[in-house]
Visitor: 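My questions all concern the structure below.
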Amino acid sequence: MQIVRPLSFVTTTLGETVRKYYIVDGPVDPKCNVTNGFGHVSIKSNLAQKMLFKKVGDKFEHGVYEYLIT
């Protein structure tokens, strides 16, 4: 079972849209904010906090959107 933690690569779907995130431990460096096609998200951000400790198949809401972890 894969659980979202710091330094995790997370793929989500939002309807037909696929979004890829890399949860970094600390602030996001604007000069280097993508790793292997995954956009960096700070562990301290609201988005990352909602993803933490979720697993594949779990859903979470962020703003008006509901994401599915794939």
Side-chain angles (χ1 to χ4, degrees):
M1 175 182 337
Q2 297 175 339
I3 297 175
V4 177
R5 299 178 183 162
L7 305 179
S8 290
F9 290 93
V10 182
T11 302
T12 65
T13 56
L14 174 63
E16 298 291 320
T17 304
V18 175
R19 301 224 171 141
K20 297 180 177 187
Y21 303 101
Y22 175 52
I23 300 177
V24 296
D25 192 17
V28 174
D29 181 353
K31 295 179 184 176
C32 178
N33 59 9
V34 176
T35 300
N36 298 329
F38 289 76
H40 294 183
V41 176
S42 172
I43 189 70
K44 295 179 181 184
S45 72
N46 289 334
L47 179 60
Q49 290 297 309
K50 292 177 181 183
M51 286 191 270
L52 285 177
F53 307 112
K54 300 269 192 276
K55 58 186 181 304
V56 172
D58 285 349
K59 295 180 180 180
F60 66 93
E61 291 183 10
H62 184 63
V64 298
Y65 301 107
E66 183 175 76
Y67 292 82
L68 172 67
I69 296 179
T70 58

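Along the sequence shown, the residues carry numbers beginning at 1.
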Visitor: Kindly indicate whether the side chain of F38, heavy atoms from C-beta on, has any atom under 4.5 Å from the side chain of T11.
Guide: yes

Visitor: Do L14 and V18 share a hydrophobic cluster (ILVMFWY, side-chain heavy atoms under 4.5 Å, transitive)?
Guide: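 L14 and V18: separate clusters.
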
Visitor: Could you tabulate the donor-acceptor pairs under 3.5 Å formed by side-chain atoms of residues 23-35, not counting sequence neighbours?
Guide:
{"residue": "D29", "atom": "OD1", "partner": "K31", "partner atom": "N", "Å": "2.9"}
{"residue": "T35", "atom": "OG1", "partner": "H40", "partner atom": "NE2", "Å": "2.6"}

Visitor: Among all residues two or more places apart in sequence or in another chain, which pass the salt bridge (charged side-chain N to carboxylate O under 4.0 Å, His left out) test with K59?
Guide: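 With sequence neighbours excluded, K59 shows a salt bridge (charged side-chain N to carboxylate O under 4.0 Å, His left out) to E66, given in chain and number order.
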
Visitor: Side-chain heavy atoms nearer than 4.5 Å, only ILVMFWY residues, links allowed to pass through others: does that put V4 and V41 together?
Guide: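 Yes, V4 connects to V41 through the hydrophobic network.
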
Visitor: Do V10 and I3 share a hydrophobic cluster (ILVMFWY, side-chain heavy atoms under 4.5 Å, transitive)?
Guide: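 V10 and I3: one cluster.
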
Visitor: Verify, without hydrogens or angle tests, whether S42 (side chain) and K44 (backbone) share a donor-acceptor contact under 3.5 angstrom.
Guide: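 Looks like yes, one N/O pair under 3.5 Å.
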
Visitor: First locate atom OG1 of T17, then atom OH of Y65, and finally report the distance between them rounded to the nearest 0.5 Å.
Guide: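 OH of Y65 is found 9.5 Å from OG1 of T17.
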
Visitor: Any non-hydrogen side-chain atom of L68 less than 4.5 Å from a side-chain atom of T70?
Guide: yes

Visitor: Can you name the nearest heavy-atom pair linking K50 to K54, along with the distance?
Guide: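 Closest pair (atom of K50, atom of K54, distance): O-CE, 3.5 Å.
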
Visitor: Who pairs with P6 by side chain to side chain contact (heavy atoms under 4.5 Å, CB included), at least two apart in sequence or on another chain?
Guide: I43, L52

Visitor: Can you label the angle between the F60 ring and the Y67 ring as parallel, tilted or perpendicular, going by 30° and 60°?
Guide: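 Parallel, since the angle between the ring planes stays under 30°.
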
Visitor: Indicate the atoms forming the closest heavy-atom contact of L47 with Y21, along with that distance.
Guide: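 In this case the closest contact between L47 and Y21 is CD2-CE2, 3.6 Å.
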
Visitor: Between M51 and I69, what is the shortest heavy-atom contact and its length?
Guide: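 Nearest pair, atom of M51 first, then I69: O-CD1, 4.4 Å.
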
